[in-house]
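Just so it is clear, the values below take in all heavy atoms, side chains as well, and ignore hydrogens, waters and symmetry mates.
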Amino acid sequence: MPQVESVAGSEGPPPPPPQDAWVVEFCSLLPRWESLRYSSKVIIPISISRVNQFDAARLDVEMSAMLKEQLLKVFSLVKPGLLFQYEPELDAFLEFLIWRFSIWVDKPTPGNALMNLRYRDERAAPITGKEVRTGLEGSGLSVSQKIFYCISFVGGQYIWSRLQSFSAFRRWGDSEQRPLARHAWGLVQNAEVLYRAASFFNLFLFLYGGRYKTIVERILKARLVYGSPNMNRAVSFEYMNRQLVWNEFSEMLLLLLPLLNSSSVKKFLLPFSEDKSAGSSGDEADCPICRSSPSIPFIALPCQHRYCYYCLRTRCSATSSYRCPRCNEVVVAIQRQGSS
């Protein structure tokens, strides 16, 4: 048998790795794995109905108007016009009350509660993990967000309304001798134009993404999300449907009534009236048109009912086939009473 000779300088098999080599390798690769896992986090896409958010804002406005109406009724016997000069303060007070008992205590506003919505701090919202189930999880607004919300919505609207009324009362825009007032008026108008333009642009962004309805919400990163993922809107559409039906019916009547001839309708319904005999058995001495005693009595032929001459002659001239209101007979001729 041939003998295998070992070649000088050849190496043997590599030594086996230590028993804890996999632990060392795992510890070295764990930071890289964690960085990759957290870098791949994406926000869970959730869709909040834009109609719900608009409806909630509208309901909040209606709630404020209802509170204002009740407060004005309380002071209805006070000097007229007393509350009119303090209307901005009254509006700010009511808005502050709504903010104090809703957003400040981590509760939704009345409109948001009816639409199953609440404010969420989008900066602190969880992205992925075991705590995320529906994508609606997340804490409410922080204290700084609540305070800035109050300053911007309540204080901002109050200051702006007072500034506009003060500038209009002082007639800054018409002042020709005070360039400073005229310049301030121009700044106010430019600020209003910029704010409206920014609001219009934010509306487009909201309709596209559905995240922030107002500029303040976008600045604060305060997003409206559903309060409960399994709850429907707590709004009954029965009243709205009834209002729509009545509105359409009233519009149809306003369109058709001018086209109808009331006298023709009355003549058409007169044969079906149950009170026909009672009408014919009424006071035969009075004219059935003017309901008074005929000054120049004339008789309608062939029914022989008495009329005033001018009443009967006017009706017969206006209508070729005039019918007697008492018996519904067509008047073919008129004759003075007592003449043959």
Listed pairs under 3.5 Å, donor-acceptor, residues 195-210 side chains, sequence neighbours left out:
| unit_1 | atom_1 | unit_2 | atom_2 | d |
| --- | --- | --- | --- | --- |
| Arg196 | NE | Glu192 | OE2 | 3.3 |
| Arg196 | NH2 | Glu192 | OE2 | 3.2 |
| Ser199 | OG | Tyr195 | O | 2.9 |
| Asn202 | OD1 | Arg218 | NE | 2.6 |
| Asn202 | OD1 | Arg218 | NH2 | 3.4 |
| Asn202 | ND2 | Lys213 | O | 3.1 |

field: Any side-chain donor near an acceptor of the partner, Tyr119 and Glu217, under 3.5 Å
entry: yes
message: Once rounded to the nearest 0.5 Å, what's the spacing between atom OG1 of Thr109 and atom CZ of Arg118?
response: 13.0 Å
message: Assess the residue pair Glu329 and Leu301 against the criterion (side-chain contact (heavy atoms from CB on, under 4.5 Å)); give the C-alpha distance rounded to whole Å, side-chain angles, the decisive distance to 0.1 Å, and a yes or no.
response: CA-CA 9 Å; Glu329 291 288 340; Leu301 299 177; over 6 Å; no
task: Establish whether Phe153 and Val143 are linked, either directly or via other cluster members, by ILVMFWY side-chain heavy-atom contacts under 4.5 Å.
output: yes
query: With distance as the sole test, does Ser317 use its side chain to make a donor-acceptor pair with the main-chain N or O of Thr314 at under 3.5 Å?
result: no
- request: Mind telling me whether Phe249 and Trp246 have parallel, tilted or perpendicular rings, with 30° and 60° as the class edges?
  value: perpendicular
Closest heavy-atom pair and its distance - Leu94, Ser64: CD1-O, 3.9 Å
- prompt: Which residues pass the salt bridge (charged side-chain N to carboxylate O under 4.0 Å, His left out) test with Arg123, sequence neighbours left out?
  reply: Asp121
field: Nonpolar side-chain network containing Leu194, other nodes, edges under 4.5 Å
entry: none
- prompt: Where do Leu59 and Gly111 come nearest, in terms of heavy atoms and distance?
  reply: CB-CA, 3.8 Å
- prompt: Counting heavy atoms not belonging to Arg162, are there more than 12 under 6.0 Å from its CZ?
  reply: yes
query: Does the Lys221 side chain pair with the main chain of Glu122, one donor and one acceptor, at a distance under 3.5 Å?
result: no
- prompt: Nearest heavy-atom pair of His305 and Cys324: which atoms, and what distance?
  reply: ND1-SG, 3.4 Å
- request: Heavy atoms only: give me the nearest Arg306-Pro297 pair and the separation to one decimal.
  value: NH1-CB, 3.9 Å
message: Applying salt bridge (charged side-chain N to carboxylate O under 4.0 Å, His left out), can you list everything that pairs with Glu137, at least two apart in sequence or on another chain?
response: none
statement: On a heavy-atom basis, the closest approach of Val154 and Ala92 is CG1-O, 3.5 Å
- request: Using the test salt bridge (charged side-chain N to carboxylate O under 4.0 Å, His left out), find all partners of Lys107 that sit at least two apart in sequence or belong to another chain.
  value: none
query: Where does the angle between the aromatic ring planes of Tyr309 and Phe298 fall among parallel (under 30°), tilted (30 to 60°) and perpendicular (over 60°)?
result: tilted
task: Specify the closest pair of heavy atoms between Ser47 and Tyr226, including all atoms of both residues, with the distance to one decimal.
output: O-CE1, 3.7 Å
task: Report the C-alpha separation of Leu224 and Asn112 in whole Å, then their side-chain angles, then the decisive distance to 0.1 Å, and conclude whether the side-chain contact (heavy atoms from CB on, under 4.5 Å) test is met.
output: CA-CA 9 Å; Leu224 283 172; Asn112 291 340; 3.8 Å; yes
- prompt: Who are the salt bridge (charged side-chain N to carboxylate O under 4.0 Å, His left out) partners of Asp60, not counting sequence neighbours?
  reply: none
